[in-house]
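First comes the structure, then the notes that go with it.
Whatever order the structure lists them in is the order used to number ligands and atoms, beginning at 1.
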Amino acid sequence: MDEKQLGPQTLALHAGHTPDATGSRAVPVHLTTAYLFKDAAHAANLFSLKEPGYIYTRLNNPTTEVMEKRLAALHHGAGAVATASGMAAIFYAVTTIVSAGQNLVTGSNLYGGTQTLFEHTLKRFGIEARFVDSSDPANFEAAIDENTRLVYSEAIGNPRCNVDDLPGIAEVAHRHGLPFILDATVAPPPVFDPFAVGCDIAVHSLTKIIGGHGTAMGGGIVEKGDFDWAAGNRYPELTAPDPTYHGINLWETLGGGSGPCPIFTTKVRIGMLRDTGATISPMNSFLILQGMETLPMRARLHCENARKVAEFLAKHPDVAWVNYAGLPSHPDHDRAARTFPLGPGAVFGFGIRGGVEAGRKFIESVKLCSHLANILDAKTLVIHPATTTHGQSTPEEQLAAGVPPDLIRISVGLEDAADIIADLDQALAHSR
Ligand SMILES: *Cc1c(COP(=O)(O)O)cnc(C)c1O
């Protein structure tokens, strides 16, 4: 069957898997570190990339491979590679093509882990991250110079729920011959197609809505496959002979420039994953595959519940403001409606009247909602950033980081919307 013709629900259940000789209908968990070679020639061919196959689970694994193929199919992408976590995926996506002395240009309203990685850790390796206000593509353009290697942003900001002009940012990147990498964790297919807005490489924390049940860590990099890496000889990591593989030219070997080419994800696997080893466990790949099977249905329900909860909060007298791009009051509402027809995800912030003290009381009063630091579990999650994630910062630093004292972040789950709303209502009453 031609996967291009199949809908997301079908792909989520079938893509990438053909039952083996045992007839096992579920994807088997291959808990093995290594694989038998058929003979000496087979082994030599595998090592020199002349033949595809399995050598060692740090590089690939049959269970993980099904998950990677399914992830690629859901995006209609040319390839995907899985990693141990979302942070590993982001680190690999960036460092595969950015070296010491070079820079990347990124939106400044990032996931906290990414912010720290870019601002502090990459700096120690000589890579500069240039942070710009992502609300205007011109800001990205102004920061690009001859040492820029990629443009980076996120599909929907968390917890501001901002939706930027993603096609505009992609256009700027492409005009300068740069790939646009987008963290699409909060908006997976079918909520959002990153490649339709001009993104070249999508990164995901599979830990969140794709796994979907708060049980396994994982990350993924998916590539569209039509970026011209050879133009301007800017990416020798991908297009010049590879000294770590006896001078093989990966770009030519994979047919780069003549049709969809998974060179980026291949290079992540045989480069960064081989050399630094943040490999996903096959068991986690299995758990994430279980989640993926129902991703399209769950994602729709997450969005539907989020809209109901946001509408409830917006009318509540104890709520000062709601930052959900599905509400007409949000500055990015119109763009969000065009970009995310099913709804702009299920993670957003709201302000509770009464500041820090009210926030603390609210959090201590929820019963159904879970108070923890995660997003997009099947269960509804809440957190009060001023007393937790940003509790070590001064009130001034918190404000600079976009964390006002009254902010509550919610990740709306799959419970009955009426039950989530009733729990929030009673907790708001206790916050007074
Ligand atoms: C959680 C998250 C990450 C990091 O993923 P981990 O799997 O926790 O390493 C990156 N980006 C976004 C938007 C996230 O929500």
Inset, instruction - Using distance alone, with no hydrogens and no angle criterion, decide if Ser285 and Thr64 have a side-chain donor and acceptor under 3.5 Å apart. - result: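 Side-chain D/A pair, Ser285 to Thr64: present.
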Closer than 4.0 angstrom: is that true for some heavy atom of [X] and an atom of ligand 1?
X: Val186; answer: no
X: Gly218; answer: yes
X: Ile90; answer: yes

Inset, instruction - Between Met217, Lys208, Glu154, flag the one that comes closest to atom 15 (O) of ligand 1 by a heavy atom. - result: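 Looking at heavy atoms only, the winner is Lys208.
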Distance under 4.0 Å to a non-hydrogen atom of [X]: what atoms of ligand 1 satisfy this?
X: Ile375; answer: 15 (O)
X: Gly86; answer: 5 (O), 6 (P), 7 (O), 9 (O)
X: Asp183; answer: 10 (C), 11 (N), 12 (C), 13 (C)

Inset, instruction - Using a strict 4.0 Å threshold on nitrogen-to-oxygen distance, state whether Glu119 and Lys123 make a salt bridge. - result: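 Salt bridge: no.
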Inset, instruction - Answer yes or no: is there an ion pair linking Lys315 with Glu311, defined by an N-O contact shorter than 4.0 Å? - result: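 No, this pair does not count.
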When you measure from [atom] to every protein heavy atom, which one gives the shortest distance, and what is it?
atom: atom 7 (O) of ligand 1; answer: Thr207 OG1, 2.6 Å
atom: atom 4 (C) of ligand 1; answer: Tyr111 CE2, 3.5 Å
atom: atom 9 (O) of ligand 1; answer: Met87 N, 2.9 Å

Legend entry - Thr114-ligand 1 polar pair, N/O distance under 3.5 Å: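 No, there is no polar N/O contact under 3.5 Å.
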Legend entry - Set of side-chain hydrogen bond (donor to acceptor under 3.5 Å, both in side chains) partners for Glu293, sequence neighbours left out: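 Testing Glu293 for side-chain hydrogen bond (donor to acceptor under 3.5 Å, both in side chains), a comparison that skips the adjacent residues, returns none.
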Legend entry - Side-chain donor/acceptor of Asn162 to backbone N/O of Ser135, under 3.5 Å: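 Checked: no pair found.
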Inset, instruction - Verify, without hydrogens or angle tests, whether Asp423 (side chain) and Lys367 (backbone) share a donor-acceptor contact under 3.5 angstrom. - result: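 Between the backbone of Lys367 and the side chain of Asp423 there is a qualifying donor-acceptor contact (under 3.5 Å).
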Inset, instruction - Would you indicate whether His371, at its atom NE2, is surrounded by more than 12 heavy atoms from other residues, nucleotides or ligands within a distance under 6.0 Å? - result: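 Enclosed: over 12 neighbouring heavy atoms sit under 6.0 Å from NE2 of His371.
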Inset, instruction - Count the heavy atoms belonging to other residues, nucleotides or ligands that lie under 6.0 Å from CZ of Arg124, then report whether that count exceeds 12. - result: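 No.
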